[in-house]
Amino acid sequence: MKENIYFGTYTKKSSQGIYRATFDPTTGTLSTPQPVVAVENPTYLTISPDNTLLTIAKEGPLGGIAAYDPSQDSYALLADALTEEPNPCYIAYDQKRHFIYTANYHTGQIKVYQFDNGKALTLCDTVTHKGYGPRHEQDSAHIHYTDLTPDGRLVAVDLGNDTITTYDVTETGKLKFVAVLKTKPGLGPRHLVFAPDNETAYLVGELSSTLSTLHYDKNGGTFALLNTVSTIPENWGQHNGAAAIKISQDGHFVYVSNRGHDSVAVFDVTTKKPQLLQLVDTKGAFPRDFALDLTDKFLVVVNQETDNISVYQRDQAQGTLTLLSQDIPLPEGVCVYFDPTNA
Ligand SMILES: O=C1O[C@H](COP(=O)(O)O)[C@@H](O)[C@H](O)[C@H]1O
């Protein structure tokens, strides 16, 4: 069965908003993405299990989130929550509690919304981080990611103050601080993924171009650092900002995109000490995001600055990638999302 794939974009140049394409997992063929939702800066998106498209959104000076109905081609707007502030950069949905969480890089804030009946978005809580780091990009807190831990806490990754913070979520959507891990100064943590064992997490450091292995202890809600490796070659002398991180369904391989080196780094993580297997050229500039398809046999990456998508076949036993295509057009691509509801 063909898979639906959505692309979030910046709309600073020619992009019209959210794009959708179909992906054939028997051949690895991706159709040319077409615009489906006209919205400013849908830079991150997700689809809830009950089939609501939730996205970062902007409307002139207002920033926030919006919810659309993807069951019809009109993608009717169900609800939005926009206020006078920069738009966030990450959105997550909590199916069990019907909450939505956002991370805002610019304000250093996490917001929690209730999404009842799929019709109204009510703000339940706002948490503001403080602090900074040694790099010029770390002038203040810059939360880049917030999502659920496997045991239902919330974890926030702050690039600005080099922290990984865990929160409990109350029934009314309030966040209660649990614990914080301070990384090496200047690491610039951006995103993390959990392994299927639910106690190992892999963290990408944007400013340091690193991949760190963390141990998550669900009893105390704490993270501990196990090791850190580079995502780029030692002799790379130009700018690089590591960006997206994904893990294979079997938990054996981790993938990280490198903006600058313009590659995807492939790691074997079977021993929990990542071993670099491959650095594949993304055939474009600034690979901001990528995703493994629903079968885990392919990887699709968007090159933000060259407006193209590249597709790779993934060897499921070895973890390695082989380029299949590199010239599928997509303006200002920043998010790749396979719709899990059409699996
Ligand atoms: O990875 C990055 O993300 C931040 C946050 O995204 P934004 O769309 O909320 O601005 C961005 O500012 C930064 O340039 C980029 O490297």
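Position 1 is the first residue of the sequence; numbering continues from there. Order of listing sets the numbers, starting from 1, for every ligand and every atom in it. Quick caveat, the model's predicted, so the values are computed rather than measured.
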Stepwise salt bridge (charged side-chain N to carboxylate O under 4.0 Å, His left out) test for Lys111 and Glu85: CA-CA 13 Å; Lys111 287 195 176 182; Glu85 61 187 348; 2.6 Å; yes
As a test of understanding, state which of Leu192, Thr200, Val193, Leu292 forms a side chain to side chain contact (heavy atoms under 4.5 Å, CB included) with Ile247. Val193
Would you say atom 10 (O) of ligand 1 makes contact with the protein, given that contact here means a non-hydrogen protein atom less than 4.0 Å away? yes
Can you check atom 15 (C) of ligand 1: any protein non-hydrogen atom closer than 4.0 Å? yes
Which of the atoms in ligand 1, numbered in the order shown and given with their element, are less than 4.0 Å from a heavy-atom of [X]?
X      : answer
Arg190 : 1 (O), 2 (C)
Arg259 : 1 (O), 2 (C), 15 (C), 16 (O)
Glu206 : 1 (O), 16 (O)

Measure the distance from atom 12 (O) of ligand 1 to every protein heavy atom, then report the residue, atom name and distance (to 0.1 Å) of the closest one. Tyr105 CE2, 3.6 Å
Note the single closest protein heavy atom to atom 8 (O) of ligand 1, along with its residue, its atom name and the distance in Å. Tyr10 OH, 2.5 Å
Centroid-centroid under 6.0 Å between Tyr44 and Tyr90 rings: yes
Check for me whether the distance between the ring centres of His98 and Phe115 falls short of 6.0 Å. no
Polar contact flag, side-chain donor to acceptor under 3.5 angstrom, Asp162-Gln138: yes
Given Tyr105, which of His142, His191, His129 fulfils the ring pair (Phe, Tyr, Trp, His ring centres under 6.0 Å) condition? His142
Does any N/O atom on His144 come nearer than 3.5 Å to any N/O atom on ligand 1? yes
Regarding ligand 1, does Thr43 bring an N or O atom to under 3.5 Å of one of the ligand's N or O atoms? no
Under 4.0 Å from ligand 1, counting heavy atoms only, is it the side chain of His142, its backbone, both or neither? neither
Please check if Leu323 and Leu299 belong to a single hydrophobic cluster, counting links between Ile, Leu, Val, Met, Phe, Trp and Tyr side chain heavy atoms closer than 4.5 Å. yes
